[in-house]
There are 2 protein chains.
Amino acid sequence: MSLRIALLGLLTASGPSSGYDLAKKFETSVAHVWQAGHSQIYPELAKMSADGLVAVEAEGARGRKIYRVTPDGDAELRRWLLAHDPSTTVRSETALQSFLVPLLEPGEALTVMRRLKDRGEAHLSELEALRVRKDAVMDPAHRWGMFGAYALDLGLRQARCFVEWADDSIADIERRAGAGQGAPDPT
Amino acid sequence: MSLRIALLGLLTASGPSSGYDLAKKFETSVAHVWQAGHSQIYPELAKMSADGLVAVEAEGARGRKIYRVTPDGDAELRRWLLAHDPSTTVRSETALQSFLVPLLEPGEALTVMRRLKDRGEAHLSELEALRVRKDAVMDPAHRWGMFGAYALDLGLRQARCFVEWADDSIADIERRAGAGQGAPDPT
DNA sequence: AGATGACATGTAAGGATTGACATGTCAATT
DNA sequence: AATTGACATGTCAATCCTTACATGTCATCT
């Protein structure tokens, strides 16, 4: 379901587009919250077309098909946003590593945690670059606010938050490791 | 792969356990970063057993099988933690809604955003309750630090961060809506 | 004219995931 | 003794997702 919704959202925001266009836009925008490759996108567009949520507006060169959102598709998107209670579950390998890291020796844990921090910083930089680019291309044609802007803000805050957490955790592990090898809980 | 690792981690932290035990522990701990139901856990344990990562230590009443981690399993877990570069991708329906919310009219967007904030607050309370419970049961048998403690800390920080973001976003939408058309709902 | 590389669309196989179904045991109640 | 409900384990079908394979077009360079 989420893939459909993401595609309807992209199509709504970008106007009529081909599967190829959508796949590229996916990578640079929605991919921060939901991922899909072209091998998933093409069949899904076909199914959505069969279900009447999108329609082929035109066929361009090289078999290129331009899709647009139908009124049914728009209704579906709105209904999902307004009425669907999103699952709170998150799946993240990074978070899984952070969960399991206390199983390692302090030295090993530090290695892992420092790598997590590095990845977190890289991710933060990436999002900051994205924000700069978006600010530069600020497009007043969009309804109001900017498509994906709130999500980008959320991503930035959580990325900063992650780096702070990594810093504090590294300090904590160093403190515990220094305090005494055997003593697990000096409090 | 991640499911395997999560199970190895749980088994390592909890000591020998049955599939049922692991499924329950999954729900209350790892589920915050990775989800799996019993219908995925039982077959995976069987495969892991065939691969020599875990072994059936004993068979209890009602066909209950007690698994333990083998040296190979321990090595696999450590290797994954130390050498595997976790994908930074995150999949979250909540984040997807936040991404798409600018496509709605301000009034509708406020409805969605307020619901997101409510869910965020509920999630935060849940994690805080979990922390209190964990602090109470602080178990010195664990190697050092507490299994999952860093992840819980991360979850708490990000949950707070999410609520702040929702608050600011709601204020932003209200401001924009007020500037353009009639004020929709300032409380 | 032929080679190259970016553009564009698709299929197929295999594994991961979910939700529903199915089975049987044990403890406590009626 | 029979019923109930929690315990415990599993399978199955359908869907989702990833990776790899396959095909063909168009523009540009040589």
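Quick note on labels: first sequence line is chain A, next is B, and so on, each numbered from 1. The shown structure was predicted, so the numbers you read here are calculated from the model rather than taken from an experiment.
In this structure, of C/dA8, D/dT9, D/dC17, it is D/dC17 that holds the atom nearest to the side chain of A/L3. Checking D/dA8, C/dT17, C/dA20 against every side-chain atom of B/H38, the shortest atom distance belongs to C/dA20. Listed candidates were D/dC17, C/dA8, D/dT9. Nearest to the side chain of B/S18 is D/dT9. Taking the side chain of B/Y42 as heavy atoms from C-beta on, and the options C/dG10, D/dG10, D/dC17, the nearest nucleotide is D/dG10.
Rounded to a whole Å, the CD1 atom of A/I66 is 7 Å from the P atom of C/dT9. Between A/E59 atom CD and C/dC7 atom C1' there is a gap of 17 Å when expressed in whole angstrom units. Atom CZ of B/R4 and atom P of C/dA16 are 8 Å apart (whole Å). One interatomic measurement links the two molecules: CD1 of B/I41 to P of C/dA16, which rounds to 14 Å at whole-angstrom precision. The separation between A/E27 atom CD and C/dC7 atom P is 12 Å, rounded to whole Å. The distance between atom NZ of B/K24 and atom C1' of D/dC7, rounded to the nearest whole Å, is 8 Å. Here C/dT17 presents its P atom at 11 Å from CE of B/M1, a figure rounded to the nearest Å. Rounded to whole Å, the distance from OH on A/Y20 to P on D/dG24 is 19 Å.
Each of B/Y150, B/F26, B/F147 was checked for a ring pair (Phe, Tyr, Trp, His ring centres under 6.0 Å) with A/F99, and the lone residue meeting it is B/F147.
Residue contacts for A/G19: at a heavy-atom cut-off of 4.0 Å it reaches the sugar-phosphate backbone alone, with no base atom in range.
With respect to A/D172 and A/R175, a salt bridge is recorded, a charged nitrogen being found less than 4.0 Å from a carboxylate O. By the 4.0 Å N-to-carboxylate-O rule, B/K24 lies too far from B/E27 to be salt-bridged with it. A salt bridge is absent between B/E59 and B/R64: the closest approach of a Lys/Arg side-chain nitrogen to an acidic carboxylate oxygen does not fall below 4.0 angstrom. Using a 4.0 Å cut-off between charged side-chain N and carboxylate O, B/E174 and B/R114 make a salt bridge.
In terms of phosphate contacts, B/Q40 brings no side-chain nitrogen or oxygen within less than 4.0 Å of OP1 or OP2 of C/dA16. For the OP1/OP2 pair of C/dA12 and a distance below 4.0 Å, the side-chain nitrogens and oxygens of A/S39 include no atom meeting the criterion. Taking side-chain N and O atoms only, B/K65 has a distance below 4.0 Å to OP1 or OP2 of D/dG10.
Annotation: of the two residues near DNA chain C, A/P43 and A/R64, the 5′-most nearest-nucleotide partner is A/R64. In this structure, B/R91 and B/D21 both approach DNA chain D, and ranking their closest nucleotides by distance from the 5' end singles out B/D21.
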